[in-house]
Amino acid sequence: MRNVEELNEHLRPLSRVAPGRPDSHGSGTGARALLASIVAQEPGDAAGTREPYSAAGIQEPGGAGRAPGRTRRFAARGPRRLALGLTAAAALATGIVVGPSLLRDGRGAAVSYANSAMEIHLEGDQYVAHIKDPFADYDTYTQAFHAVGLNVALRLVPASPGGAGRILGTMIWDQGSDGSGPEVRPEPSGPVIDGVSLSVQTTPKGCRPGQDSRCAMVMRIPAAFTGHVEVKLGRQAQPGEEYANFDSAMAPGEMFDGVKLREGRPVADILAEARDRDLTAVFSLIRADERTGGLSFEPMTAGQAGSDWTVWNAWQVKAGVIRLLVTPERLPENPFYNGSAPPPAS
């Protein structure tokens with residue numbers, strides 16, 4: 001351990017190679033300059049004097065004295081210890097110090113990439129990405145995925161306290177100009193693209209990145225997929241920001257936790273519920289397309305909704321504000337549970 005500590009003491013004042021720069025490769029000029037500056041730092045005698053060594057470990061008399069700075073004293077070292085020190089210095093100059101690493105197979109295809117926020121490697125017909133810091137600078141992700149030929153974006157979106165650190169959705173686009181694309185089949189664990197699954201999970205299972213210690217995101221992407229993937233990850237919303245997880249108002253821990261609207265309830269009842277929770281209510285009118293059955297929502301001004309109208313769903317807008325989705329008449333069934341729209345998260 002003492003040798004390692006002494007080596008670290010030598011390395012602190014030396015040149016550094018900035019990750020991602022053209023000269024940051026082990027064979028680049030920056031790395032060679034770093035190695036040269038490392039091997040020029042020599043142990044002196046017991047009195048603190050120094051004589052420089054060449055990269056071959058041969059002492060060169062008459063060399064320049066040490067640079068001004070902190071006074072260090074070292075006992076003289078034998079050739080074997082010096083050789084070990086130079087080997088460790090060379091490893092630093094060509095590995096950890098230079099930052100991101102990229103491995104390719106014999107054909108030149110990238111099979112592995114790692115930086116400070118994530119690492120990605122090829123496993124059979126999938127790339128597996130372990131994202132250690134989902135809240136790092138956006139460029140660290142695009143850099144890593146592009147290095148292995150994938151177009152994947154990790155997008156941070158404002159969310160309620162219960163949604164912060166949770167995966168809020170995955171979107172997939174095909175880049176085929178002729179409209180043709182891979183066969184995408186939905187599965188409970190995630191979409192299957194041309195027979196290969198695409199999934200986004202957390203490990204340990206159920207943990208929340210950025211909220212729970214040692215929690216990481218794990219993404220599996222088909223290696224042959226040429227489209228675009230966007231994963232939304234909730235971050236804590238700033239005051240006044242609207243929530244991206246608006247449709248989870250009735251989920252556990254959210255602002256309308258415990259409210260049941262499967263059968264619909266009168267506006268007057270739900271307004272009383274909102275007041276009990278210190279929430280302000282706004283309204284949207286539900287409109288159904290007669291041809292397709294799809295739903296659209298038209299914002300309403302305060303007072304337009306009658307107290308006897310029916311509330312079929314509730315969305316959280318931002319801290320302290322809930323949106324009630326209503327119709328003036330009572331429908332035969334809740335349109336959010338008949339396939340017209342995604343059901344509420346509850």
Side-chain angles (χ1 to χ4, degrees), residues 102-105 107-115 117-134 138 140-157 159 163 165-210 212 215-234 244-248 251 292-295 336-346:
L102 175 67
L103 295 180
R104 299 181 181 274
D105 62 14
R107 300 164 298 170
V111 296
S112 177
Y113 183 90
N115 60 26
M118 65 175 288
E119 63 93 6
I120 183 169
H121 61 275
L122 186 64
E123 286 187 7
D125 53 8
Q126 289 179 320
Y127 277 105
V128 181
H130 292 263
I131 303 174
K132 300 170 288 185
D133 182 6
Y138 179 80
T140 60
Y141 308 113
T142 56
Q143 179 187 62
F145 286 115
H146 286 176
V148 296
L150 296 175
N151 193 356
V152 178
L154 179 61
R155 182 179 165 202
L156 302 180
V157 295
R166 297 194 184 280
I167 299 167
L168 301 182
T170 302
M171 300 184 69
I172 302 173
W173 294 272
D174 174 42
Q175 293 180 329
S177 59
D178 58 357
S180 64
E183 177 192 1
V184 180
R185 185 176 75 252
E187 295 287 348
S189 60
V192 175
I193 302 172
D194 284 343
V196 183
S197 65
L198 186 156
S199 65
V200 185
Q201 300 173 329
T202 57
T203 180
K205 186 177 180 179
C207 69
R208 299 167 66 182
D212 303 328
C215 182
M217 289 178 62
V218 179
M219 297 179 62
R220 295 179 178 271
I221 306 103
F225 181 57
T226 58
H228 178 79
V229 179
E230 180 182 271
V231 178
K232 293 181 181 180
L233 177 67
N245 60 330
F246 59 89
D247 56 348
S248 59
T292 65
L295 302 181
F336 291 92
Y337 289 90
N338 66 3
S340 296
S346 58

Can you tell if the side chain of [X] reaches within under 4.5 Å of the side chain of [Y], non-hydrogen atoms only?
| X | Y | result |
| --- | --- | --- |
| Thr202 | Val218 | no |
| Val200 | Arg220 | no |
| Pro344 | Tyr337 | yes |

Can you measure from [atom1] ([X]) to [atom2] ([Y]) and round to the nearest 0.5 angstrom?
| X | Y | atom1 | atom2 | result |
| --- | --- | --- | --- | --- |
| Leu156 | Tyr141 | CG | OH | 7.0 Å |
| His130 | Thr203 | NE2 | OG1 | 8.0 Å |
| Tyr127 | Met219 | OH | CE | 14.0 Å |
| Arg208 | Leu233 | CZ | CG | 10.5 Å |
| Leu198 | Ile172 | CG | CD1 | 5.0 Å |
| Glu119 | Ser112 | CD | OG | 6.5 Å |

Donor-acceptor contact present, side-chain Asp212 to main-chain Cys207, <3.5 Å: no
Short side-chain to backbone donor-acceptor contact, Gln126 and Ser197, under 3.5 Å: yes
For a side-chain contact (heavy atoms from CB on, under 4.5 Å) with Leu150, tell me which candidate from Thr142, Val229, Thr226, Ile120 qualifies.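 Only one option passes, and that is Ile120.
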For the residue pair Glu123 and His121, confirm or rule out a side-chain donor-acceptor distance under 3.5 Å. yes
How close do [X] and [Y] get, counting heavy atoms only, and between which atoms?
| X | Y | value |
| --- | --- | --- |
| Tyr138 | Ala153 | OH-CB, 3.4 Å |
| Ala223 | Leu122 | CB-CD1, 3.8 Å |
| Asn245 | Ser248 | O-OG, 2.8 Å |
| Asn115 | Ala144 | ND2-CB, 4.0 Å |
| Trp173 | Phe225 | O-CZ, 3.7 Å |
| Cys215 | Pro204 | CA-CD, 4.3 Å |

Side chain to side chain contact (heavy atoms under 4.5 Å, CB included) assessment of Met171 paired with Val231: CA-CA 7 Å; Met171 300 184 69; Val231 178; over 6 Å; no
When you look at Met118 and Tyr113, which way does the side chain to side chain contact (heavy atoms under 4.5 Å, CB included) test go after all the steps? CA-CA 8 Å; Met118 65 175 288; Tyr113 183 90; 6.0 Å; no
